[in-house]
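First comes the structure, then the notes that go with it.
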Amino acid sequence: MSLTRKGAATKQRIVEGAAEEIRDQGVFSLRLEDVMARTATSKSQLFHYFPSGKDELLLAVARHEADRVIADQQPELGSLTSWAAWWQWRDKVVARYRAQGENCPLHTAMSQIGAATEAARAVACELLKRWQDQLAAGIRHMQGIGEIPPGLDADREAAALLAGVQGGVLILLTTGGLDHLEAALDRGIAHLRGPDRPSHDPDGCLSSAVQTGS
């Protein structure tokens with residue numbers, strides 16, 4: 001659908017309103033009437049932009065939240081050019097999920113649509129690819145300046161680090177605890193430094209959790 005600037009803004013307002021409604025009420029309590037009230041839109045407007053109704057809106061919310069996952073990690077994720085930058089990225093990820101807690105609009109929207117559907121899988125794959133590619137770019141940069149052993153496969157290391165993060169997030173959503181997410185990030189970054197390098201940061205730029213060994 002080709003949209004005017006005003007139409008695109010209205011559609012975006014509906015998506016953001018639905019995401020906020022999910023945060024406040026949960027996906028299973030989501031009603032289109034509440035989204036319309038929150039976004040000051042009519043039923044005809046909502047179905048104009050989302051002809052298939054709730055499922056199509058939830059997919060748009062999932063895409064929106066996937067974009068936010070990457071955007072919320074910037075500029076650190078796109079600038080992994082020093083160990084200080086890696087730890088700043090680590091702390092930003094932890095802070096994001098600490099603030100979000102167990103309420104994840106992306107996860108809830110995807111679970112409601114059905115993660116096995118082709119559209120939902122495409123959203124998830126695109127998010128993970130973008131995230132992994134930026135981690136791999138950071139690893140290659142650090143290899144280029146001699147800070148990460150050249151023998152490590154950047155793509156596989158990025159995949160392993162991302163898998164650890166996603167596992168930590170899943171445990172957070174289940175238990176409400178951040179310990180596993182923090183451990184996955186701390187161990188993953190420490191592994192990149194290599195066995196012959198000190199695990200501490202001589203310039204004092206490690207996160208407090210790493211300095212205390214948590």
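Basis for what follows: all heavy atoms, side chains included, without hydrogens, waters or symmetry-related copies. Please read these numbers as outputs of a predicted model, since none were measured by experiment. Numbering starts at 1 and runs along the sequence shown.
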Using the test side chain to side chain donor-acceptor pair (under 3.5 Å), find all partners of Thr39 that sit at least two apart in sequence or belong to another chain. Thr41

Of all residues at least two apart in sequence or in a different chain, which pass the side chain to side chain donor-acceptor pair (under 3.5 Å) check with Ser44? Ser42

Those residues that, when tested against Arg130, pass side chain to side chain donor-acceptor pair (under 3.5 Å) (two or more places apart): Asp67

For Lys129, the side-chain contact (heavy atoms from CB on, under 4.5 Å) test, sequence neighbours excluded, returns Asp133

Just to verify, what does His180 make a side-chain contact (heavy atoms from CB on, under 4.5 Å) with, not counting sequence neighbours? Ile171

Donor-acceptor under 3.5 Å (Glu76 side chain, Asp91 main chain): no

Can you list every side chain to side chain donor-acceptor pair (under 3.5 Å) pair that touches residues 152-167, not counting sequence neighbours? Arg140-Asp155, Glu157-His191

Could you pull out all residues at least two apart from Glu20 that satisfy salt bridge (charged side-chain N to carboxylate O under 4.0 Å, His left out)? Arg38

I'd like to check the side-chain contact (heavy atoms from CB on, under 4.5 Å) partners of Ala158; sequence neighbours left out, ordered by chain and number. Gln132, Leu135, Ala136, Ile139

Closest heavy-atom contact between Tyr49 and Glu56? O-OE2, 3.9 Å

By side-chain contact (heavy atoms from CB on, under 4.5 Å) - contacts of Asp34 (at least two apart): Glu21, Arg31

Return the set of residues passing side chain to side chain donor-acceptor pair (under 3.5 Å) with Gln134 (not counting sequence neighbours), or none when no residue passes. Gln74

